[in-house]
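Here is the structure we will look at.
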Amino acid sequence: MDAQYHVEIVLDTKAGRHRVFVSDNVRAALPASTFNEITLTVAGEELAMTRLGDDSAWEATGKPAPTAGAKVS
């Protein structure tokens with residue numbers, strides 16, 4: 001989170017379908033297209049994300065996320 005944006009990362013510990021949602025500084029949802037590109041790294045796996053068809057979030061499929069101790073950036 002910074003002064004302008006809040007980012008929520010939702011990790012899928014079973015299927016590996018990870019999502020990133022973006023909102024403004026008062027937590028009003030913003031379209032995924034607010035950003036041109038997002039890269040997510042989960043437990044050392046770098047994932048190029050794509051926008052969902054409804055532009056509500058970014059999504060990538062990778063390895064299932066560990067349930068503890070995973071570093072995410």
Side-chain angles (χ1 to χ4, degrees):
M1 184 170 175
D2 67 14
Q4 190 173 1
Y5 301 108
H6 174 82
V7 176
E8 180 177 345
I9 301 169
V10 180
L11 301 176
D12 186 329
T13 60
K14 295 186 182 183
R17 294 181 70 201
H18 311 305
R19 291 187 174 183
V20 174
F21 297 87
V22 183
S23 58
D24 65 14
N25 60 347
V26 293
R27 303 275 174 102
L30 295 171
S33 57
T34 299
F35 297 101
N36 293 326
E37 179 182 26
I38 291 183
T39 302
L40 181 68
T41 303
V42 180
E45 181 183 21
E46 187 172 306
L47 304 168
M49 305 196 80
T50 58
R51 287 189 288 255
L52 294 178
D54 65 0
D55 202 26
S56 64
W58 289 83
E59 182 177 68
T61 301
K63 296 176 187 172
T67 56
K71 183 177 179 182
V72 179
S73 60

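Note that these values count all heavy atoms, side chains included, but never hydrogens, waters or copies made by symmetry. Count residues from 1 along the sequence.
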Contacts of [X] that satisfy side-chain hydrogen bond (donor to acceptor under 3.5 Å, both in side chains) - sequence neighbours left out:
| X | value |
| --- | --- |
| Thr34 | none |
| Asp55 | Ser33 |
| Arg51 | none |
| Asn36 | none |

Pairs where residues 32-72 contributes a residue and the test ring pair (Phe, Tyr, Trp, His ring centres under 6.0 Å) is met, not counting sequence neighbours: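 Qualifying pairs: Tyr5-Phe35.
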Salt bridge (Lys or Arg N to Asp or Glu O under 4.0 Å) contacts in which one or both residues fall within residues 4-19, not counting sequence neighbours: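 Applying salt bridge (Lys or Arg N to Asp or Glu O under 4.0 Å) to every pair that reaches into residues 4-19, excluding sequence neighbours, yields Arg17-Glu59, Arg19-Glu59.
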Test question: given the 4.5 Å side-chain rule for I, L, V, M, F, W and Y, name all other residues clustered with Val10, or answer none. Phe21
Closest approach of His6 and Asp24, non-hydrogen atoms and distance?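 It is CB-O, 4.1 Å.
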Please tabulate, for the side chains in residues 41-48, all donor-acceptor contacts under 3.5 angstrom to protein atoms that are two or more places apart in sequence or on a different chain.
unit_1: Glu45; atom_1: OE1; unit_2: Lys63; atom_2: N; d: 2.8

Residues forming a side-chain contact (heavy atoms from CB on, under 4.5 Å) with Thr50, sequence neighbours excluded: none
Is it the case that one hydrophobic cluster holds both Val7 and Leu11, taking links as side-chain heavy atoms less than 4.5 Å apart, direct or via other members? yes
